[in-house]
Amino acid sequence: MVPFPPRPLTAAQRSTLISKALEARNGSYSPYSKFRVGACLLAEDGSYIPGANVESASYGGTICAERTAIVKGVSEGKRKYVGLAVTSDLVTAITPCGICRQVLREFCPLDMPILLVPASYAEGKTKLSNAADAEGADTTDTLVETTMGEILPLSFGPADLEKPRQSR
């Protein structure tokens, strides 16, 4: 498997992504699961797009924080992203669900950094881990840094639709 080292984010971008994801979590509407999630995307133009999960009594209508952020951004004309932070109320890092990973893949490069932020995050005090070290480890109070390519290996993306096909 080819590793996808993350594109670098500045310290200010990392800090802003994390704080906006933590803040976005406050906008969660999660009366059924009681599982608040916040996310924030950094668009290529430098704008930040936060999102929170929104549940529905008809569970299929529920939308995750990551997809909320991407839908907001895309509907505002933003189609390219350079960073993502995701958080919840857990003291361990969480990752985007499968459907969110696939939707993110539509607009995010494989080397895009993704910050998985524990609820207990405190700048300068929270441990930092990369995805390889975090796999199977206790990530309590640990910020996990990964990439789009690492969370969705062997992914299917827009470029795959342009590949040559076998003729019949």
Side-chain angles (χ1 to χ4, degrees), residues 1-29 36-55 61-88 93-119 121 123 126 128-135 139 142-165:
M1 175 88 49
V2 177
F4 295 96
R7 294 180 185 191
L9 292 172
T10 67
Q13 288 171 326
R14 288 172 59 86
S15 179
T16 302
L17 265 175
I18 291 167
S19 66
K20 288 188 177 292
L22 289 164
E23 184 179 311
R25 180 184 58 190
N26 294 328
S28 170
Y29 176 75
R36 298 183 319 150
V37 180
C40 186
L41 279 161
L42 173 57
E44 189 176 63
D45 69 2
S47 60
Y48 292 88
I49 300 103
N53 58 321
V54 179
E55 295 180 350
T62 294
I63 185 168
C64 301
E66 301 90 334
R67 282 183 289 141
T68 297
I70 202 95
V71 167
K72 285 171 62 177
V74 170
S75 67
E76 293 171 5
K78 296 165 189 353
R79 304 284 196 279
K80 294 183 180 182
Y81 300 92
V82 297
L84 170 69
V86 180
T87 192
S88 72
I94 64 162
T95 62
C97 73
I99 194 168
C100 285
R101 293 175 194 213
Q102 188 61 52
V103 171
L104 289 165
R105 174 66 178 91
E106 186 74 17
F107 301 98
C108 303
L110 293 172
D111 61 351
M112 184 186 82
I114 298 175
L115 308 172
L116 307 174
V117 186
Y121 178 80
E123 195 164 346
T126 300
L128 175 63
S129 178
N130 63 38
D133 293 338
E135 186 70 30
T139 60
T142 303
L143 173 74
V144 177
E145 184 166 1
T146 187
T147 63
M148 189 71 240
E150 287 175 329
I151 69 166
L152 193 61
L154 302 173
S155 67
F156 181 85
D160 291 304
L161 295 173
E162 304 302 321
K163 289 182 177 176
R165 290 170 174 77

From Thr146 OG1 over to Met112 CE, what is the distance, rounded to the nearest 0.5 angstrom?
10.0 Å

Could you report the tightest heavy-atom contact between Tyr48 and Gln13, atom names first, then the distance?
OH-CA, 3.4 Å

A side-chain contact here means heavy atoms from C-beta on lying under 4.5 Å apart; do Glu66 and Val103 qualify?
no

Heavy atoms of other groups near Glu76 CD, more than 12 under 6.0 Å:
yes

Check this for me: Leu128, atom CG, are more than 12 non-hydrogen atoms of other residues, nucleotides or ligands nearer than 6.0 Å?
yes

What do the steps show when you test Thr95 against Arg101 for side-chain hydrogen bond (donor to acceptor under 3.5 Å, both in side chains), and what is the final call?
CA-CA 9 Å; Thr95 62; Arg101 293 175 194 213; 2.6 Å; yes

When you compare the side chain of Ser15 with that of Glu123, does any pair of heavy atoms fall below 4.5 Å?
yes

Could you give the distance from CZ (Arg79) to SG (Cys108), rounded to the nearest 0.5 Å?
13.0 Å

Could you check whether any side-chain N or O of Thr139 sits under 3.5 Å from a backbone N or O of Thr142, counting only pairs where one atom can act as donor and the other as acceptor?
no

Please check if the side chain of Gln102 supplies one atom and the backbone of Phe156 the other of a donor-acceptor pair under 3.5 Å.
yes

Using 4.0 Å as the upper bound for N to carboxylate O, is an ion pair formed by Glu145 and Arg14?
yes

Is the closest side-chain heavy-atom distance between Leu116 and Pro96 below 4.5 Å?
yes

Non-hydrogen atoms of Ala39 and Ala24 that approach each other most closely
O-CB, 3.7 Å

Drop me the distance from Phe107's CZ to Ile70's CD1, to the nearest 0.5 angstrom.
6.0 Å

Contacts of Thr126 that satisfy side-chain hydrogen bond (donor to acceptor under 3.5 Å, both in side chains) - sequence neighbours left out
none

Rounded distance (nearest 0.5 Å) linking atom CG of Leu42 with atom CG of Leu84:
10.0 Å

Compare all side-chain heavy atoms of Leu104 with those of Leu41 and state whether any distance is below 4.5 angstrom.
yes

Find out whether Arg25 and Val37 are in side-chain contact, i.e. whether some heavy atom of one side chain is under 4.5 Å from a heavy atom of the other.
no

Between Ser75 (side chain only) and Lys72 (backbone N and O only), is there a donor and an acceptor less than 3.5 Å apart?
yes

Quiz question: by atom type and distance under 3.5 Å, do the side chains of Asn53 and Ser28 form a donor-acceptor pair?
yes

Please report the shortest heavy-atom distance between Ser88 and Ala119, naming the atom on each side.
O-CB, 3.2 Å

Within 6.0 angstrom of Lys80 NZ, more than 12 heavy atoms from elsewhere
no

Side-chain contact test, heavy atoms from C-beta onward, threshold under 4.5 Å: evaluate it for Ile114 versus Thr147 and give yes or no.
no

Exercise: identify the closest heavy-atom pair between Asp45 and Lys78:
OD2-NZ, 3.2 Å

Closest non-hydrogen atoms of Ile63 and Thr68, given as atom of the first, atom of the second and distance, are CG2-OG1, 3.6 Å

Minimum heavy-atom separation for Ala69 to Ile49, with atom names?
O-CG2, 3.2 Å

Any side-chain heavy atom of Leu110 sitting closer than 4.5 Å to one from Glu150?
no

Rounded distance [0.5 Å steps], OG in Ser129 versus CG in Leu143:
9.0 Å

Yes or no on side-chain contact (heavy atoms from CB on, under 4.5 Å) for Val74 and Tyr81, after CA distance, side-chain angles and deciding distance?
CA-CA 10 Å; Val74 170; Tyr81 300 92; 4.0 Å; yes

Side-chain (Asp133) to main-chain (Asn130) donor-acceptor, under 3.5 angstrom
no

Determine whether more than 12 heavy atoms belonging to other residues, nucleotides or ligands lie under 6.0 Å from atom CD of Glu106.
yes

For the SG atom of Cys40 and the CG atom of Leu22, what is their distance to the nearest 0.5 Å?
10.0 Å

